[in-house]
Number of protein chains: 2
Amino acid sequence: MGSGAGVTLTDVAREAGVGESTASRVLRSHGSFSSKTRASVLEAAARLGYVPNRIAGTLASTGSKLVGIIVPSLANIVFPDLLRGANSVLGKAGFQSVIGVTDYDLVGEEALISSLLSWRPAGLLVAGLEHTARADAMLRGAGIRIIEMLDTDGAGIDMVVGFSNREAGRASARHLIARGYRRIGYVGHDLALDLRAAKRFEGFRAALAEAGLQVAGQVIASVPSSIEAGRDGLARILDETRDLDAVYFSNDDMAIGGYFLCLSRGIGIPDRLALFGHNGLEVARCAPQPLSTIRTPRVEVGEASARLISSDGPPAVVTLDFELIEGATT
Amino acid sequence: MGSGAGVTLTDVAREAGVGESTASRVLRSHGSFSSKTRASVLEAAARLGYVPNRIAGTLASTGSKLVGIIVPSLANIVFPDLLRGANSVLGKAGFQSVIGVTDYDLVGEEALISSLLSWRPAGLLVAGLEHTARADAMLRGAGIRIIEMLDTDGAGIDMVVGFSNREAGRASARHLIARGYRRIGYVGHDLALDLRAAKRFEGFRAALAEAGLQVAGQVIASVPSSIEAGRDGLARILDETRDLDAVYFSNDDMAIGGYFLCLSRGIGIPDRLALFGHNGLEVARCAPQPLSTIRTPRVEVGEASARLISSDGPPAVVTLDFELIEGATT
DNA sequence: GTGAAAGCGCTAACAG
DNA sequence: CTGTTAGCGCTTTCAC
């Protein structure tokens, strides 16, 4: 067991007394060779501590085993969940995930796309449908499978896997309306950045309008979503808008913050105030009063997206279902 | 702006009317060339939609710009936090993160290490000090910077960045003892897998012993940590062990579960029962009663680790401080 | 300041 | 079943 670094296929072949290509075939269990040759190559490789050089392998062969994954953030568990689903499927198929984090910046995304593409990945998974014009052009011209995730409200480039945030927002509104709430507020986070949250809010308002209603008040923090932002946001909207009977939050993090505020202030839920979130996080499910929310298939979207990397079908949209969870906060 | 895919440096050079090596120098702003040459190369590259092939570049040059990062899980926000810190620093330095998730399996880790090493990364960041013998040998023989993260209780291979979980456990125990608690229970998750949680518990018991105490009872779920596991674990220990006055949880997820149980059952905190966690998550900080816990420098560990990738100093241990947070649950 | 030539380590035909 | 021969696309001496 040598140092391993610097040992090449040539060394292994020489040590085993065979040609390079034979050693290569054995090591990749591809093509044919006698079991005797096989044994000696494998033994030589082990003795030398050979670690194949995938960089060279990728360059020599046509396709790479790298897959790029681009997400806007890692601070919200939603994206690690997505990554987790994708990575687990990719790993089993022999792919390596190369990640990029945009910080919700489309220009940063453009740079990341260019950078990831330079590794000649087998495919690219990217959260969201919105891109800069240049990013869009790069993705279209890359000649690899592009999977856009988590959003089906808009046109995709190649494959799209997700659900309709607009419909999720509509469903949330219809639920509150059906429960009898009429003075409904909205507490959200930076919508200019989180485009999917914006689409939910849009769907939410549309459904309210269909029922002849509109949001009775809204507070939109100009920060990323967080429990703290939700707590502070609810405090503000309660100050600014009287007689709210329900509040729709941009996601569960925000909603849990609101829930905590109600607990602190002794605001009765749902009698005095109803709360509704989005995502179906564990913390929302396990709270003393489970939060009413929408469970989104994040891990599943990651898994399904990863599976599509090796598909050769035509562009398509895969819609996964979200599920409305009637908790104890409505 | 062509298809981009398939355009090579040779094409760009021909289009610009210069030699390949000149085009290469311009594109990497390395070496010398006239500003006129520069302009024509850049223009040709843009016109052709050239995307450099880093695979080829890496093979031709010596060093790669890939960095492997291995974590046990993505389900617990702790590791995304670590990744986030590392990735942000790496990105700024022109590196790409290639991730691997072990699912807390050391044999899986070994396979991942071998797989990541085959991409000839510039360095490897790996969570934890424990590895299989073969993994250890591969890491030592890789000839690149190896950074082991989040744990300083043990011997490292090259660089180590983290804090002492044992000391964190001790500090937690001393805090509870100083507050006057004597009948202290432990609610944890699978310690055979989460070695750092095991070290915390070990330090915790050691500090109790120094005060002539021992845990009054313990419940260890054989599942990964979660809010639900913490809630159920607390329910069980309250059944099994009478007169507990405090419970130490393996981490904040578990502790928040316990906190939720207390809220549900109307168990007064901290008078009737004190709770102590570990990690300093946002949800713990924002709860109606902030959880007493230890804030761990996860993002900072990721950042510091990433910075060390390009260092050329001798092996070293970088210890970052954790901070005990006196919340309202003790 | 610039180009020609020689690989980086491997895979993929192709003969044998 | 096995070895030889060309490259993959780029970087890197090294002359010019």
Side-chain angles (χ1 to χ4, degrees), chain A residues 4-42 44-45 48-66 94 115 117-122 142-143, chain B residues 4-42 44-45 48-66 94 115 117-122 142-143:
Chain A
V7 178
T8 71
L9 183 62
T10 313
D11 300 326
V12 175
R14 190 186 320 112
E15 176 86 3
V18 302
E20 272 189 64
S21 55
T22 303
S24 173
R25 275 180 237 122
V26 170
L27 262 9
R28 283 175 302 134
S29 335
H30 181 280
S32 51
F33 38 77
S34 71
S35 64
K36 197 175 152 208
T37 314
R38 194 187 111 92
S40 64
V41 169
L42 256 28
L48 264 33
Y50 173 65
V51 177
N53 185 331
R54 294 260 230 164
I55 295 285
T58 301
L59 181 60
S61 65
T62 40
S64 113
K65 279 299 197 174
L66 253 22
S115 171
L117 247 26
S118 75
W119 292 103
R120 291 293 186 271
Chain B
V7 178
T8 71
L9 183 61
T10 313
D11 300 327
V12 175
R14 190 186 319 109
E15 176 86 3
V18 301
E20 272 189 63
S21 52
T22 303
S24 173
R25 274 181 237 122
V26 170
L27 260 11
R28 284 174 302 133
S29 337
H30 182 281
S32 52
F33 38 77
S34 71
S35 63
K36 195 175 156 210
T37 313
R38 193 187 112 92
S40 64
V41 169
L42 256 28
L48 264 32
Y50 172 64
V51 176
N53 185 330
R54 293 261 233 164
I55 295 284
T58 301
L59 181 60
S61 64
T62 41
S64 113
K65 278 300 198 176
L66 252 22
S115 171
L117 247 25
S118 76
W119 292 103
R120 292 291 186 271

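Quick note: numbers below take in every heavy atom, side chains included, and nothing from hydrogens, waters or symmetry partners. Per chain, numbering begins at 1; letters A, B, ... match sequence-line order.
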Q: Under the side-chain hydrogen bond (donor to acceptor under 3.5 Å, both in side chains) rule, collect the residues that match up with A:R28, sequence neighbours excluded.
A: A:S24
Q: Test B:Y50 against B:L27 for side chain to side chain contact (heavy atoms under 4.5 Å, CB included), laying out the working first.
A: CA-CA 10 Å; B:Y50 172 64; B:L27 260 11; 3.8 Å; yes
Q. Earliest and latest nucleotide of DNA chain C, 5' to 3', sitting under 4.0 Å from a non-hydrogen atom of chain B?
A. C:dG1 to C:dG9
Q. For B:R120 and D:dC10, what is the distance between atoms CZ and P respectively, to the nearest whole Å?
A. 21 Å
Q: Please report the closest heavy-atom contact between A:N53 and A:I55, naming both atoms and the distance.
A: OD1-N, 2.9 Å
Q: Estimate the overall bend of the helix from C:dG1-D:dC16 to C:dG16-D:dC1 from the end axes over five pairs each, rounded to 10 degrees.
A: 30°
Q. Quick one: B:L9 CG to D:dT12 C1', roughly how many Å, whole number?
A. 13 Å
Q) What residues form a side chain to side chain contact (heavy atoms under 4.5 Å, CB included) with A:S64, not counting sequence neighbours? A) A:T58, A:L66
(Q) Using a strict heavy-atom distance below 4.0 Å, which residues from residues 10-23 of chain B are in contact with DNA chain C? (A) B:V18, B:G19, B:S21, B:T22
Q: Over all heavy atoms of both residues, which pair between B:V12 and B:V41 is shortest? Give the atoms and the distance, please.
A: CG1-O, 3.9 Å
Q: Let me see the working for B:V51 and A:R120 under side chain to side chain contact (heavy atoms under 4.5 Å, CB included), right down to the final yes or no.
A: CA-CA 9 Å; B:V51 176; A:R120 291 293 186 271; 3.7 Å; yes
Q | CA sep, side-chain torsions, deciding dist, call: A:V26, A:L42, side chain to side chain contact (heavy atoms under 4.5 Å, CB included) | A | CA-CA 8 Å; A:V26 170; A:L42 256 28; 3.7 Å; yes
(Q) Students often get this wrong, so: under 4.0 angstrom with heavy atoms, is B:R25 touching a base, only sugar-phosphate, or nothing? (A) base
Q.
At less than 4.0 Å, is any side-chain N or O atom of B:Y50 found next to OP1 or OP2 of D:dG9? Yes or no.
A. no
Q. What are the residues of residues 26-42 of chain B, sorted by number, that bring a heavy atom to within less than 4.0 Å of DNA chain D?
A. B:R28
**Q.** Heavy-atom pair of closest approach, residues B:A13 and B:A23
**A.** CB-CB, 4.0 Å
Q. Between A:L9 and A:E20, what is the shortest heavy-atom contact and its length?
A. CD2-O, 3.8 Å
Q. Between B:F33 and B:R25, what is the shortest heavy-atom contact and its length?
A. CE2-O, 3.6 Å
Q: Mind checking the OG-NZ spacing from A:S118 to B:K65? Nearest 0.5 Å is all I need.
A: 12.0 Å
